[in-house]
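Quick note: numbers below take in every heavy atom, side chains included, and nothing from hydrogens, waters or symmetry partners. Reminder, nothing fancy here: chain letters follow the sequence lines and each chain counts from 1.
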Amino acid sequence: MKSPYVAVAPTELQKSTEELAYQLLNWVLVNETADGLLVGRIVECEMYQGPDDRGAHSYGGKPTDRTRVMYGSPGYAYVYLIYGMYYCLNVVTEAEGVPHAILVRALEPLHGLDTMKRNRMLKTTRNTAELTSGPGKLCQAFGIDRRHYGHPLWASPLYLAHALTPWPSFQVARGPRINIAYAGEARQYPWRFWVYNNPHVSKPTNSVTTLEQALPDPFWG
DNA sequence: ATATAGATGTACT
DNA sequence: GTACATCTATATT
């Protein structure tokens, strides 16, 4: 499948978890499927930093069948099943042995909206803002499931890529992560990042800890 | 607008 | 057995 998008280089995925979380908001997610090219701008993500982060699946530091990929090299997909029905996509970060990852929580759909709608099978048809405004929604829209577990996210068919042109300047909001009530102190860490005022964010009204101007993607010079 | 229940498979954080 | 990095359908302000 032909795609005008330039996949990121593996070396671009070797930044620290925090740097990469910021960087993701400059990038897009691409899936080259049999039903066409699916593309969305990443507008929301959360970082999980085991083994000390009580919110992380890697809390405690003991690899399991599910979490093993988090302990490997950066840039691979950690995909897991949640509530028996939905998948969530993470980008593994940091060197081997450091089980960090970034959960991709929302996208702004750019190409392949018709396929996304079909994949989502909504009874009540609503606006496109609901196509990929959540970690389970975006995986369903993009056809991401356990087959993508361990997939290198710089390679076809599923990869991170640079935008075709730089985004207009935007602000990055940071705040507490969603739905980790069990995580004790860690629940308040401002480890959620999103494009401020973007309509495709999953929980736009959640509290903002900091707001700052986005750094441009170094890719554009 | 907000609130609630229910679906469903896997890990036990 | 229980909790889960979720979402939808239905019901009520």
Side-chain angles (χ1 to χ4, degrees), chain A residues 17-18 20-21 24-25 29 40 42-72 74 76-94 97-109 116-150 153 173-194 199-207 209:
Chain A
T17 306
E18 185 158 348
L20 196 57
L24 285 187
L25 301 181
L29 181 69
I42 300 168
V43 295
E44 180 185 352
C45 62
E46 287 176 353
M47 52 181 186
Y48 288 86
Q49 307 191 87
D52 299 323
D53 174 8
R54 289 184 66 184
H57 290 163
S58 53
Y59 177 63
K62 198 174 62 219
T64 66
D65 283 347
R66 180 175 62 153
T67 61
R68 184 175 307 110
V69 73
M70 289 183 78
Y71 293 81
Y76 290 84
Y78 168 43
V79 178
Y80 66 91
L81 179 67
I82 185 74
Y83 297 105
M85 320 177 80
Y86 297 101
Y87 291 94
C88 293
L89 170 70
N90 294 250
V91 182
V92 171
T93 62
E94 302 288 351
V98 181
H100 291 196
I102 302 171
L103 170 66
V104 180
R105 282 196 58 89
L107 304 172
E108 174 177 337
M116 294 185 203
K117 263 176 205 153
R118 259 198 318 279
N119 289 347
R120 292 269 292 126
M121 300 176 301
L122 276 188
K123 273 189 182 165
T124 57
T125 308
R126 283 174 271 195
N127 47 3
T128 64
E130 312 222 348
L131 234 34
T132 52
S133 58
K137 294 177 186 176
L138 94 243
C139 283
Q140 195 173 54
F142 271 59
I144 295 167
D145 59 33
R146 53 185 0 111
R147 298 190 311 261
H148 301 280
Y149 184 95
L153 288 170
R174 291 184 62 157
R177 294 171 292 179
I178 305 297
N179 285 354
I180 52 160
Y182 54 87
E185 296 279 305
R187 63 187 284 170
Q188 2 176 13
Y189 299 167
W191 288 0
R192 173 173 179 243
F193 302 74
W194 69 98
H200 301 85
V201 166
S202 69
K203 299 266 194 318
T205 57
N206 253 64
S207 68
T209 307

Without placing hydrogens or testing angles, list every side-chain donor-acceptor pair under 3.5 Å for residues 178-190 of chain A, not counting sequence neighbours.
{"from": "A/Y182", "atom 1": "OH", "to": "A/G55", "atom 2": "O", "distance (Å)": "3.4"}
{"from": "A/R187", "atom 1": "NH1", "to": "A/A181", "atom 2": "O", "distance (Å)": "3.3"}

Are any of the side-chain heavy atoms of A/L81 and A/Y86 separated by less than 4.5 Å?
no

| Can any side-chain N or O of A/Q49 pair as donor or acceptor with the backbone N or O of A/T17 at less than 3.5 Å? | no

Distance col, row A/Y48:OH vs A/W191:CH2, nearest 0.5 angstrom, shows 10.5 Å

Dot-bracket for DNA chain C, 5' to 3', Watson-Crick and G-U pairs with both distances under 3.5 Å, [ ] for crossing pairs, | for partner on another strand, reads ||||.|||||||.

In whole angstroms, the gap separating C1' of C/dA5 from CZ of A/R66 amounts to 9 Å

Using a 4.5 Å cut-off on heavy atoms from C-beta on, say whether the side chain of A/N90 contacts that of A/Y80. yes

- Message: Looking at A/G175, is its backbone amide N or carbonyl O close enough to the side chain of A/R192 to form a donor-acceptor pair, meaning the two atoms are under 3.5 Å apart?
- Response: no

Rounded to whole Å, CZ of A/R120 lies from P of C/dT8 at a distance of 4 Å

* Look at all strands and tell whether A/R105 reaches a base, only sugar-phosphate, or nothing, counting heavy atoms closer than 4.0 Å. => sugar-phosphate

In whole angstroms, the gap separating P of B/dC12 from CD1 of A/I82 amounts to 12 Å

Residues passing the ring pair (Phe, Tyr, Trp, His ring centres under 6.0 Å) test with A/Y149, sequence neighbours excluded, are none

In 5'-to-3' order, the base (B), backbone-only (S) or no-contact (-) status of each nucleotide in nucleotides 2-7 of chain B, using a 4.0 angstrom heavy-atom cut-off, is -----B

Report yes or no: does A/T67 contribute a side-chain atom to a donor-acceptor pair with the main-chain N or O of A/P63 at less than 3.5 Å? no

Sorted by number, residues from residues 136-143 of chain A placing a heavy atom under 4.0 Å from DNA chain B are none

Strictly below 4.0 Å, N to O, side chains only: are A/E46 and A/R177 in salt-bridge contact? no

Rounding to 0.5 Å, atoms CD1 (A/I42) and CG (A/L25) come to a distance of 7.5 Å

When rounded to the nearest 0.5 Å, the distance separating OG1 of A/T132 from NE2 of A/H200 is 6.0 Å

Ordered by number, residues from residues 56-64 of chain A within less than 4.0 Å of DNA chain B (heavy atoms) are A/A56, A/H57, A/Y59, A/T64

query = Which part of the nucleic acid, if any, lies within reach of A/L103 when heavy atoms closer than 4.0 Å are counted: base, sugar-phosphate only, or nothing?
reply = base

To the nearest angstrom, the CG-P distance between A/D145 and B/dG9 comes to 15 Å

Rounded to whole Å, the CD1-P distance (A/I178 to C/dA5) equals 13 Å

Under 3.5 Å, is there a donor-acceptor pair between the side chain of A/S58 and the main chain of A/G61?
no

Just to be sure I understand the rule, does A/D65 reach a base, reach only the sugar-phosphate, or reach nothing, if contact means heavy atoms closer than 4.0 Å? nothing

Pairwise C1' distance, C/dA5 and B/dA3 [rounded to whole Å] | 22 Å

Between A/L81 and A/T67, the residue closer to the 5' end of DNA chain B by nearest nucleotide is A/L81

Exercise for review: Kindly indicate whether the side chain of A/Y80 and the base of C/dA5 share any N or O donor-acceptor pair separated by less than 3.5 Å?
Suggested key: yes

In whole angstroms, the gap separating P of C/dT6 from CZ of A/R192 amounts to 11 Å

Check: Just by distance, do the side chain of A/H100 and the backbone of A/G50 share a donor-acceptor pair under 3.5 Å?
Finding: yes

From OH of A/Y48 across to P of C/dC4 the rounded distance in Å is 12 Å

Residue pair A/L29 / A/L107, side-chain heavy-atom distance below 4.5 Å | yes

To the nearest angstrom, the CG-P distance between A/N179 and C/dA3 comes to 15 Å

